[in-house]
Amino acid sequence: MADMRMYRAFGGIGALLATTFAGTILLDLKPQRKIILFRIQVFLLFFMVMCALSRFVWINLTVLLPSRRSNSKMLLVVHWSMYIVLASFVGLAFFSMLIGRFFIGFEPYFISRLAFTCLGLLILIFFNLCVLNALFAILRLCSFTLPNADKWKTVIATTVSVLLCIQGLTTASKGPTIVGVTVPLAKLPRSLDGTTIVQLSDIHLGPMVGSADLDRVVNTVSVMKPDIIVITGDLVDSTVANLKQAILPLKKLKSKYGSFFVTGNHEYHTGDADARYKS
C-alpha cells in the first residue's frame, strides 16, 4: 500500500514536470530564464529518479541483513554494522551531485570521489537487479525455482556490480587510451597529407578528475606532437571560478596549427558557459 502511494506520488510529480517542460518550451521567455527553468526542472527530475532508484536498491540490499530479532549479540552487531554501511552507501550516492557541486578544488576531494563511486555502483546494482529479475521470472515460467531467490539475486547483482566498478576505477586510473584513426580524403592537398589531429573529449575536470589527471593527458598529447588539437566538449563539470587553477595544464598544449575548443552539454549544465569564452 505504501509502495502504491509512492508510485502515485512519483506519477503525479512526473506529470507536473512534463507539463512545466512543455510550458518552458512553448512560452515566450528570455533565453536566460529558460535556461534557469530547465536547470531547476532537470534537477527535480534527477531527484525523483534517484528517489525511485535508491528505494529499489535499498529494498533489495536490506534482504541481506541478519534478523534484528535474533538473540545473538554478534548477529545484532553485524546487522547494525551492515545497516550503517548500506545507509551510508545509498546516502552518498543519493547526494553525490550536491557533494560534487560544493566540494570542488585543485584536486578532487576524497568525499567527492567516494560519493560518485557510490553513485556508479548504485546504478550498476540497479541494472543488474533488473536483468536478474527478468532472468528469474523466465526461470519461474519454466517451472524452475531457486530457494532464497531474492537473496541470490542481490548477492549476484552486488558481486558483479562491485567487480565492474573496480574494473572501471582501475581502467580510469591508467589514464587515457590512444586510438589511431586514418581518415582518407580524396581532395586533400598533398601539402596536408599526413596531418595529425588529436581529439580530446569528455575529460570532465571536476569532482572526479583533477589537475594532476589533466596534466597527465597534456603530457601524453605533447609526446605525440600533433599538427592540430581539438577539445570537443565536456571538458569540465564545474564553474570557471572553481576550476580556474585546475585547468592551467592546458596552457602547455602545443601544436603546429593551434588548439581549438567547443562546448559540450556539461559546460551548459554548470550554468556559466559564457564565462568560458571570456576566460
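What you see below is based on every heavy atom in this structure, not just the backbone, and it leaves out hydrogens, waters and symmetry mates.
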Closest contact, heavy atoms only, [X] versus [Y]:
| X | Y | answer |
| --- | --- | --- |
| Pro207 | Pro108 | O-CB, 3.1 Å |
| Asp237 | Leu243 | N-CD1, 4.3 Å |
| Ile111 | Leu92 | CD1-CD2, 3.7 Å |

So how far is it from [X] [atom1] to [Y] [atom2], rounded to the nearest 0.5 Å?
| X | Y | atom1 | atom2 | result |
| --- | --- | --- | --- | --- |
| Leu250 | Phe261 | CG | CZ | 9.0 Å |
| Leu248 | Asp215 | CG | CG | 10.5 Å |
| Ile123 | Leu164 | CD1 | CG | 13.0 Å |
| Leu169 | Gln167 | CG | CD | 10.0 Å |
| Leu75 | Met82 | CG | CE | 11.0 Å |
| Arg216 | Lys174 | CZ | NZ | 11.5 Å |

Give a yes or no on whether the backbone of [Y] and the side-chain of [X] come within a donor-acceptor separation of less than 3.5 Å.
| X | Y | answer |
| --- | --- | --- |
| His79 | Leu65 | no |
| Gln199 | Thr232 | no |
| Asn60 | Val57 | no |
| Thr62 | Ile59 | yes |
| Asn133 | Leu129 | yes |
| Ser112 | Phe103 | yes |
| Ser96 | Ala93 | yes |

For the [atom1] atom on [X], are there more than 12 heavy atoms of other groups (residues, nucleotides or ligands in this structure) within a distance under 6.0 Å?
| X | atom1 | value |
| --- | --- | --- |
| Lys254 | NZ | no |
| Phe47 | CZ | no |
| Phe136 | CZ | yes |
| Phe106 | CZ | yes |

Problem set entry | Contact check, side chains of Met224 and Thr196, non-hydrogen atoms, under 4.5 Å |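 Result no, sub-4.5 Å side-chain heavy-atom pair not found.
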
Exercise. Which is it for Asp227 and Ile197 under the side-chain contact (heavy atoms from CB on, under 4.5 Å) test, yes or no, and what are the steps along the way?
Worked result: CA-CA 6 Å; Asp227 295 313; Ile197 302 173; over 6 Å; no

Exercise. Is Asp150 paired with Lys153 through a side-chain N to carboxylate O contact shorter than 4.0 Å?
Worked result: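 Looking at Lys153 and Asp150, the cut-off is met.
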
For this session: Would you check, one step at a time, whether the test ring pair (Phe, Tyr, Trp, His ring centres under 6.0 Å) holds for Phe126 with Trp58?
Result: CA-CA 10 Å; Phe126 170 75; Trp58 173 260; over 10 Å; no

